Enquirer: 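I'd like to ask some things about the structure below.
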Amino acid sequence: MINWLSNYNYDYAIAAIPVHALFLAFYFSHKNLPIRKNKSFLLVLWTTLIMNISDIMSCEMVAIHSRLPIASLYIINIIYFSTFFIRNWSLYDYTIEDAKVYKFIPYPILYAMAIPMLIAIIITVTSPITHWLFYIDSTGYHNSIMYPLLYISSSFYRIISLICVFISIKHLSHRTSISLIAMNFILLIGLFIRRAYPNVLIMSFFSVIAIMIIYLSSLNPDLYRVRRVDLFSDEAFERIIPDLIRRKIPFECLCICIQNFATLNTLYNPQNLKYILSIVGKWLIKKYPHCTIFYFGNGQLVILNTRQTLSLEEEISTISEKFTNTWKYKNYEVSFPVTYAFLPKTLKVDSFYSTYECLQLGMTECSLSFKRVNTVLYIDESYLERVHRTEEVARAIGKAIKNRTLMIYLQPLYSATQRRITAAEALARLYDEELGFIPPNEFISIAENNGQIIELGRQIFDETCKFINEHDLDSLGIDFINVNLSPTQCMNENLADELLETIYKYNIPTNRINLEITESSIEDLSIIRYQMDRLSNVGLRFSMDDFGSGTSNVARLVELPFTIVKLDMSLVWSYFRGTSKILKSQIEMFLNEQMKIVAEGVEDEHMANELAALGCEYEQGFYYSKPLPIDEFIKLIEDNSYAQPSL
């Protein structure tokens with residue numbers, strides 16, 4: 001135990017000082033996220049350190065009060081008490097920022113909680129006159145009638161902080177909620193111990209523990225950096241942008257998109273390329289010290305600027321000049337061809353999502369323009385409109401899934417050998433009261449990107465089974481219904497169980513269902529083969545969908561239990577337009593493998609006749625019918641006036 005001039009125990013307080021100093025040194029030695037929460041934390045660091053030092057000094061000075069001017073005693077005690085009250089509030093301020101309580105409680109109410117702190121500081125500063133909090137006379141230092149305000153203030157802010165955490169706890173990550181609760185409870189415990197042992201200066205010790213909890217759980221900037229590249233990650237971007245929008249701070253972003261990045265990765269290997277990118281990042285940080293630099297991956301760097309005195313648009317020529325030169329690392333000299341996407345301060349983005357998605361759209365379009373090196377793509381209102389449209393469609397999908405209002409339309413499959421419609425494909429359709437009918441290629445791609453496709457697929461399969469259950473397919477002359485499976489569904493290890501459960505629920509024959517799978521769905525061959533084998537063994541059949549739309553793998557197709565191949569309309573149209581003759585050989589190959597063939601995109605009688613002559617068993621397209629609602633499809637089949645096209 002260290003005892004100096006006074007009878008106070010300084011052990012904990014002395015031990016806390018170097019730890020505080022280390023936190024401050026580490027804070028300023030790293031580039032930190034420019035968000036308000038970090039500023040609150042910095043205030044906690046400074047006030048706690050000053051409080052601790054002034055506490056020790058005041059105790060020592062009081063021990064020799066007769067040798068010192070009374071004004072100096074008042075000043076040091078005012079500093080201590082003021083920083084004590086400010087620290088209480090700053091920890092509360094950090095809590096509301098980290099817990100994002102402002103989403104549930106208006107800012108005026110949250111900041112009204114600063115009033116007790118301001119009152120306490122006024123009482124502290126006026127104590128030399130009023131003697132309300134403390135006073136000093138010839139006999140030394142004395143606590144006064146309002147001294148318990150220290151404990152009341154601390155308890156008030158800790159309890160209010162905990163209430164704020166519990167208000168928003170459902171929306172917080174587990175790590176954030178635990179750290180905030182632990183931090184405030186630790187400080188409450190320290191307060192009780194300080195009350196029980198007033199001669200032990202222990203509050204600074206508990207403050208250090210609270211600071212460690214804060215820093216290690218969410219403020220360490222290394223948590224938001226990309227290793228080796230040593231730039232902030234897109235997760236850091238996700239934390240900064242909402243803070244800027246909430247505080248109405250204008251910002252602009254310049255995206256630097258390295259072209260042909262996959263090839264560069266292969267040439268120089270990923271580890272070396274990351275080190276080279278770290279050199280690029282260091283140059284950008286040195287060139288623009290007041291900006292924040294991010295690495296989004298795949299050769300995409302983003303510069304974020306909030307300074308009114310700097311225009312990133314004007315800096316593009318400077319950056320381009322630097323990038324036209326080679327970057328040197330070890331024995332490598334790498335040249336990066338780049339394009340730019342620029343998001344200006346004038347674009348009124350209203351959320352992190354809209355900001356991020358606008359940048360992603362811009363960077364995606366930049367990556368498709370390899371020949372346009374050093375050109376700039378300007379992100380304007382049209383990008384924002386596309387992003388908002390995506391948000392609206394995503395909400396419409398979620399609403400339809402929740403209310404089970406997704407519909408199936410049926411498009412006929414014409415059998416060339418039987419000369420009639422013998423099957424149909426079930427296609428998802430979405431109608432929203434505000435948006436109207438949403439094109440399937442639009443809402444399907446959005447559902448695939450945001451994860452809604454799994455439940456959407458389940459409901460479409462359910463609606464198809466329900467249709468088969470409620471209608472006599474034999475009387476309609478329909479042998480089976482095709483249902484599409486998305487790539488995400490195909491990676492579900494429980495897919496077979498889920499599909500069979502639905503089939504058994506509606507008590508329909510399994511041979512009435514034909515599942516369509518695109519080649520992009522076959523990422524893990526072992527998983528998809530297991531699912532297909534299980535379903536094939538109970539009577540379901542499979543089609544390879546959209547063959548010819550991409551890099552189709554014939555060997556993989558033959559290896560899996562497909563019985564039908566659907567030729568993509570692009571392959572069919574290229575044959576009839578005379579741009580490719582590969583269609584004939586592909587049809588012949590599949591016929592040799594005993595597979596039936598569906599030709600998509602049939603638009604006229606000439607196409608229908610020739611495809612039938614080539615050996616296509618089924619034909620599908622607007623020549624026969626567009627996709628129809630269930631009632632119209634049944635009417636089409638049952639209508640005696642409907643004449644089948646003659647082949």
Side-chain angles (χ1 to χ4, degrees), residues 393-413 421-433 435-448 450-476 478-490 492 494-518 521 531 535 538-543 545 566 620 625-638:
V393 172
R395 282 194 291 268
I397 297 169
K399 181 181 175 182
I401 288 174
K402 180 181 178 180
N403 298 331
R404 300 192 70 86
T405 55
L406 287 164
M407 300 175 289
I408 60 168
Y409 274 36
L410 298 169
Q411 185 172 26
L413 269 70
I421 294 171
T422 60
E425 179 177 1
L427 299 165
R429 290 295 182 267
L430 174 61
Y431 176 81
D432 182 75
E433 293 179 356
L435 303 179
F437 274 102
I438 302 171
N441 60 334
E442 182 180 17
F443 75 79
I444 292 294
S445 63
I446 291 172
E448 286 176 339
N450 65 18
Q452 293 173 309
I453 193 66
I454 294 178
E455 185 55 34
L456 187 151
R458 287 194 187 108
Q459 291 194 18
I460 293 302
F461 187 77
D462 188 274
E463 288 295 314
T464 304
C465 292
K466 181 181 177 183
F467 166 78
I468 296 172
N469 172 265
E470 294 177 351
H471 297 83
D472 184 356
L473 296 192
D474 288 331
S475 66
L476 295 172
I478 301 299
D479 298 328
F480 59 87
I481 303 292
N482 284 348
V483 185
N484 289 282
L485 295 179
S486 71
T488 306
Q489 283 178 285
C490 291
N492 176 11
N494 300 316
L495 175 66
D497 291 329
E498 291 180 5
L499 297 181
L500 291 174
E501 182 181 352
T502 304
I503 289 171
Y504 296 149
K505 179 178 74 171
Y506 287 103
N507 192 29
I508 62 174
T510 54
N511 62 2
R512 294 296 197 183
I513 299 287
N514 185 74
L515 298 173
E516 295 189 359
I517 300 176
T518 59
S521 304
Q531 304 290 346
L535 294 168
V538 294
L540 277 83
R541 291 178 292 183
F542 291 90
S543 297
D545 194 17
K566 292 189 73 174
Q620 182 178 358
S625 174
K626 65 181 181 180
L628 299 170
I630 290 175
D631 291 344
E632 293 183 27
F633 173 79
I634 293 174
K635 185 177 185 300
L636 173 70
I637 302 299
E638 294 180 338

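Note that the structure is a prediction, hence the values are computed from the model and not measured.
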Enquirer: For residues 499-508, which residue pairs pass the salt bridge (charged side-chain N to carboxylate O under 4.0 Å, His left out) check, not counting sequence neighbours?
Expert: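 Residue pairs with at least one partner in residues 499-508: Asp462-Lys505.
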Enquirer: Before you tell me yes or no, could you show the steps for Thr518 and Asp545 under side-chain contact (heavy atoms from CB on, under 4.5 Å), namely the whole-Å CA-CA distance, both residues' side-chain angles and the distance that decides it to 0.1 Å?
Expert: CA-CA 5 Å; Thr518 59; Asp545 194 17; 3.9 Å; yes
Enquirer: Check whether any side-chain heavy atom of Phe437 lies under 4.5 Å from a side-chain heavy atom of Met407, and answer yes or no.
Expert: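 In contact.
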Enquirer: Do Leu476 and Asp472 have side-chain heavy atoms sitting under 4.5 Å apart?
Expert: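 The answer is no, as the side chains (C-beta and beyond) never meet within the 4.5 Å cut-off.
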Enquirer: List the atom of Gln531, the atom of Asn492, and the distance in Å for their closest heavy-atom pair.
Expert: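 The pair with the smallest heavy-atom distance is NE2-O, 3.5 Å.
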Enquirer: Which value, rounded to the nearest 0.5 Å, describes the distance between Thr464 atom OG1 and Ile630 atom CD1?
Expert: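 That separation rounds to 8.0 Å.
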Enquirer: Nearest 0.5 Å, please: how far is CG in Asp497 from CG in Leu535?
Expert: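 Spacing of CG (Leu535) from CG (Asp497) equals 9.0 Å.
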Enquirer: What I'd like to find out is whether the side chain of Leu515 reaches to under 4.5 Å of the side chain of Leu499, using heavy atoms alone.
Expert: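 In short, these two side chains touch, coming nearer than 4.5 Å.
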Enquirer: Closest heavy-atom contact between Leu406 and Leu430?
Expert: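 Closest pair (atom of Leu406, atom of Leu430, distance): CD2-CD1, 4.0 Å.
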Enquirer: Measuring from Lys466:NZ to Tyr506:OH, what's the distance to the nearest 0.5 Å?
Expert: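 Answer rounded to 0.5 Å: 6.0 Å.
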Enquirer: Is a side-chain donor or acceptor of Gln411 paired with a backbone partner of Ser625 at a separation under 3.5 angstrom?
Expert: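 Indeed, once roles are kept as given, a pair shorter than 3.5 Å links the two residues.
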Enquirer: Got Glu425 and Asn484 here, is their nearest side-chain heavy-atom distance under 4.5 Å?
Expert: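 Of all side-chain heavy-atom pairs linking Asn484 with Glu425, at least one is under 4.5 Å.
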Enquirer: What's the separation between atom CZ in Phe467 and atom CZ in Phe633, rounded to the nearest 0.5 Å?
Expert: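 Result: 5.5 Å between the selected atoms.
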Enquirer: Quick one: side chains of residues 396-403, donor-acceptor pairs under 3.5 Å with protein atoms, not counting sequence neighbours, listed by atom name and distance.
Expert:
from	atom 1	to	atom 2	distance (Å)
Asn403	ND2	Lys399	O	3.3

Enquirer: Do the side chain of Thr510 and the main chain of Val538 share a donor and acceptor less than 3.5 angstrom apart?
Expert: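 Here the side-chain-to-backbone pair exists.
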Enquirer: How close do Gln620 and Pro412 get, heavy atom to heavy atom, and via which atoms?
Expert: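 Answer, listing the atom of Gln620 first, then Pro412: CG-O, 3.8 Å.
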Enquirer: Of the options Cys490, Pro487, Ser543, Ser486, which is the one that meets Ile517 in a side chain to side chain contact (heavy atoms under 4.5 Å, CB included)?
Expert: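 It is Cys490, the one option of Cys490, Pro487, Ser543, Ser486 that forms the side chain to side chain contact (heavy atoms under 4.5 Å, CB included) with Ile517.
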Enquirer: Starting at OG1 of Thr488, measure out to CD of Gln452 and round the result to the nearest 0.5 Å.
Expert: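 So the gap between those two atoms works out to 11.5 Å.
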Enquirer: Between the side chain of Glu632 and the main-chain N/O of Pro629, is any donor-acceptor distance below 3.5 Å?
Expert: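 Here the side-chain-to-backbone pair does not exist.
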Enquirer: Quick one: pull up CD1 in Ile481 and CZ in Arg512 and give me the separation to the nearest 0.5 Å.
Expert: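 Result: 9.0 Å between the selected atoms.
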Enquirer: Testing the basics here: between Phe443 and Ala428, what is the closest heavy-atom pair and its distance to 0.1 Å?
Expert: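 Closest heavy-atom pair between Phe443 and Ala428: CZ-O, 3.5 Å.
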Enquirer: Distance-only, no hydrogens or angles: does the Asn514 side chain make a donor-acceptor pair with backbone N or O of Phe480 under 3.5 Å?
Expert: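 No.
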Enquirer: So do Ile468 and Ile478 actually touch side chain to side chain, heavy atoms under 4.5 Å?
Expert: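 A side-chain contact under 4.5 Å is absent here.
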